[in-house]
Amino acid sequence: MRRFVVRRLAAAVGVLFVISVLTFLIFQTIPNGDPALRIGGRLATAQEIAQIRHEWGFDRPIYVQYFRTMEKIFNGTVVSYTQGVNVLDQIRHGLPATLSLAVGAGFIWLMLGILFGVITAIKAGRFADRALTVLAFIGVSSPPFFLGALVIYYLGYKAGVVPLGGYVPLGQDPAQWFSHLIAPWLVLSVLFIGIYSRVLRSTLLDTLGEDYVRTARAKGISERRVLARHVLRNSLIPIISLWGLDFAQIIGGGAILTESVFSLHGVGQFAAESIGRLDLPPILVVTMLTAFAVVLLSAVVDILYAVLDPRIRLSG
Amino acid sequence: MSERLLEVESLQVSFVTDEGTVQAVDEVSFALGSGEVLAIVGESGCGKSVTAMTLMGLTRLPNARCSGSAKLRGEELLTAPERRMREIRGGEIAMIFQDPMSALNPVQRVGDQIVEQIRAHEEIAKGPALARAIAAMDRVGIPRAAERARAFPHEFSGGMRQRVMIAMALSSSPSLLIADEPTTALDVTIQAQILHEIGRLRAETNAGVILVTHDLGVVADIADRIVVMYAGRIVEQGSLDELFYDPQHPYTWGLLGSIARVDRERPPRLPTIAGQPPSLVSPPRGCHFRPRCPHEFARCTEVPPLESRLAEAPEHRDRCWLSPQEKRAKRVVDGQIGLAGGTTVVA
């Protein structure tokens with residue numbers, strides 16, 4: 001276990017290094033990426049630009065720029081090029097909304113994905129299976145900005161059952177927190193419910209053909225118990241790893257569209273706005289946050305795997 | 001025969017598939033007494049496993065058609081309600097499967113898997129059930145059973161896993177044990193141990209045993225009576241001695257001829273039966289073995305009834321039109337029982 005933790009931490013450092021270097025380099029080659037021009041604005045003279053370049057250190061060699069930026073990220077003083085605000089403060093400010101979105105949506109899509117997966121597998125080929133299959137494909141092909149707009153227009157603007165957007169912290173008013181999040185949760189979940197139910201359906205059908213399921217039936221236990229204890233439990237193992245990675249991505253601001261449509265002001269929306277301004281420091285920090293969340297969650301998934309399947313041993 | 005435990009009469013099982021109706025089991029009848037070992041022998045796909053699964057009520061699928069009768073101590077199994085079948089499955093009839101590598105759930109401790117079976121049939125707390133599971137494991141020769149009950153299937157060898165399966169089957173004291181190819185996936189040395197174990201438990205518990213196998217060599221040690229199946233039908237049935245020393249059906253000759261024996265001179269080539277078993281969707285008219293049989297004649301296009309053709313052995317039945325005299329003459333190949341004209345593979 002200790003070796004596992006050490007190895008994963010080493011891997012996390014490696015991943016963060018590679019990701020940050022790549023992101024940094026992309027911004028050196030991107031057209032219109034020169035931050036001095038953006039900071040200076042449209043009316044700046046060449047002299048003013050040169051001065052900005054010097055003040056911000058853009059005239060130093062690229063590796064110096066990289067290490068100075070990293071240094072600022074890790075001591076918490078990194079500042080956005082175009083807004084002049086502290087990036088980590090912004091992230092800290094957006095993280096509760098993003099975490100609330102991820103936890104709620106992650107729970108909903110996991111539960112409904114399992115439910116629909118089980119129904120389609122045990123009713124394979126029959127009406128319920130076909131109907132849910134069509135729904136799954138509609139869900140997978142509905143982009144959140146479209147679905148979100150529909151929900152806001154019909155349920156928010158016309159019917160008035162959900163707010164038109166925004167985020168209320170949980171500590172401030174739990175009821176308002178919930179009512180502001182229910183629509184984003186559902187919209188974000190739709191895509192994942194479609195994917196998860198399809199993946200689970202095929203895993204379940206494979207497991208149903210296993211010899212040990214026949215053994216379980218031969219024991220004389222009820223079909224419900226056969227399904228729950230022997231079929232579902234063993235089929236959930238691949239779903240867990242899928243869930244870990246998707247969840248990590250959303251914590252790292254991956255739900256850009258959903259967060260923006262519902263104005264949650266989370267990490268994802270912050271990332272979207274920063275990309276619009278081609279603002280390197282926030283994008284760098286968000287990318288590293290995502291990478292870190294993915295590495296962390298996949299370590300958690302691997303631990304869960306070893307608990308769920310005794311044949312698997314932890315080895316970095 | 002001792003007390004009638006199981007009576008199967010004219011059992012028919014077919015499955016509707018996209019290719020047509022598969023007649024998996026056709027007019028199968030046999031009986032079994034307590035403490036008796038009946039072997040059902042035949043090639044893959046001859047219907048022996050489907051017969052066994054049907055007795056367990058495990059072939060009740062939407063596309064399956066079942067008729068005839070199968071009675072356990074007089075109680076009809078084919079039409080019993082699912083609730084009653086669940087009590088019978090794993091309670092009165094227990095089953096051991098072919099591949100112990102895949103027949104146990106890989107993510108559950110073996111002790112828990114046995115406990116699950118015990119608790120499916122009795123109101124018993126987990127603690128005492130586990131104690132019984134450990135006792136059952138101990139009884140089938142698993143060393144340090146209390147400790148091993150906490151292990152997972154992948155931590156056992158193939159032979160030990162099959163012992164776990166036997167312990168599981170015996171944990172609820174069944175009156176009928178169905179062993180479907182219990183030794184096929186095991187090493188030869190382990191095969192003998194497992195058969196010995198099944199034989200010993202039969203003697204201890206007086207359970208009836210149905211041993212499903214494709215290997216006549218396996219049954220010689222343990223079976224009292226043998227049913228030989230081919231393409232869904234019984235082609236010959238009788239006692240062990242009758243079948244081994246006076247086999248009546250050419251298919252049985254072929255099976256006997258293809259046992260590799262170490263007590264005889266090594267043949268230059270291993271004998272086999274030419275051809276493949278027929279498709280069960282469109283089997284040949286008349287005797288199903290006809291296309292592979294070197295002794296075929298005109299009458300073989302009619303289905304031969306399963307009946308005794310020997311005055312001295314009324315219980316020894318077969319499905320072959322040849323007269324007993326012709327059979328005794330034709331079944332001798334190179335001085336031993338075998339099927340003439342079979343292709344051979346290099347030994």
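First the proteins, then the strands, lettered A, B, ... as listed; each starts at 1.
- Looking at B/Leu104, only its backbone comes within 4.5 Å of chain A, counting heavy atoms on both sides.
- Residues A/Pro310 and B/Pro106 approach most closely at CG-O, 3.6 Å, considering heavy atoms.
- Of the two parts of B/Met85, neither the backbone nor the side chain holds a non-hydrogen atom closer than 4.5 Å to a non-hydrogen atom of chain A.
- Ranked by heavy-atom pairs under 4.5 Å with chain A, the first of B/Glu87, B/His121, B/Glu155 is B/His121.
- Chain A forms more heavy-atom pairs under 4.5 Å with one residue of B/Ser102, B/Ala120, B/Gly90 than with any other, namely B/Ser102.
- Smallest separation of non-hydrogen atoms from B/Met165 and A/Thr215: CE-CG2, 3.8 Å.
- Contact tally against chain A (heavy-atom pairs below 4.5 Å) for B/Arg119, B/Met168, B/Met95: the top residue is B/Met168.
- Proximity of B/Met53 to A/Arg214: side-chain heavy atoms (C-beta onward) are separated by under 4.5 Å at one or more points.
- Using a 4.5 Å cut-off between heavy atoms, A/Arg229 touches chain B through backbone and side chain atoms alike.
- Within the 4.5 Å cutoff, no side-chain heavy atoms of A/Asp211 are placed close to those of B/Gln98.
- Residue A/Arg225 places its CZ atom among more than 12 non-hydrogen atoms of other residues, nucleotides or ligands, all under 6.0 Å distant.
- The shortest distance between side-chain heavy atoms of B/Gln108 and A/His230 falls below 4.5 Å.
- Of the two parts of B/Gln113, the backbone and the side chain both hold a non-hydrogen atom closer than 4.5 Å to a non-hydrogen atom of chain A.
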**Request:** Determine, step by step, whether B/Met56 and A/Arg217 satisfy the side chain to side chain contact (heavy atoms under 4.5 Å, CB included) criterion, reporting the C-alpha distance in whole Å, the side-chain angles of both residues, the deciding distance to 0.1 Å, and the verdict.
**Result:** CA-CA 9 Å; B/Met56 293 284 279; A/Arg217 293 209 171 104; over 6 Å; no

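- In this structure, chain B has a heavy atom under 4.5 Å from the side chain of A/Asn234, while its backbone stays farther away.
- Within 6.0 Å of the CZ atom in B/Phe15, the count of heavy atoms belonging to other residues, nucleotides or ligands exceeds 12.
- Within a 6.0 Å radius of CZ in B/Arg150, other residues, nucleotides and ligands contribute 12 heavy atoms or fewer.
- At a 4.5 Å heavy-atom cutoff, B/Met101 makes no contact with chain A through either its backbone or its side chain.
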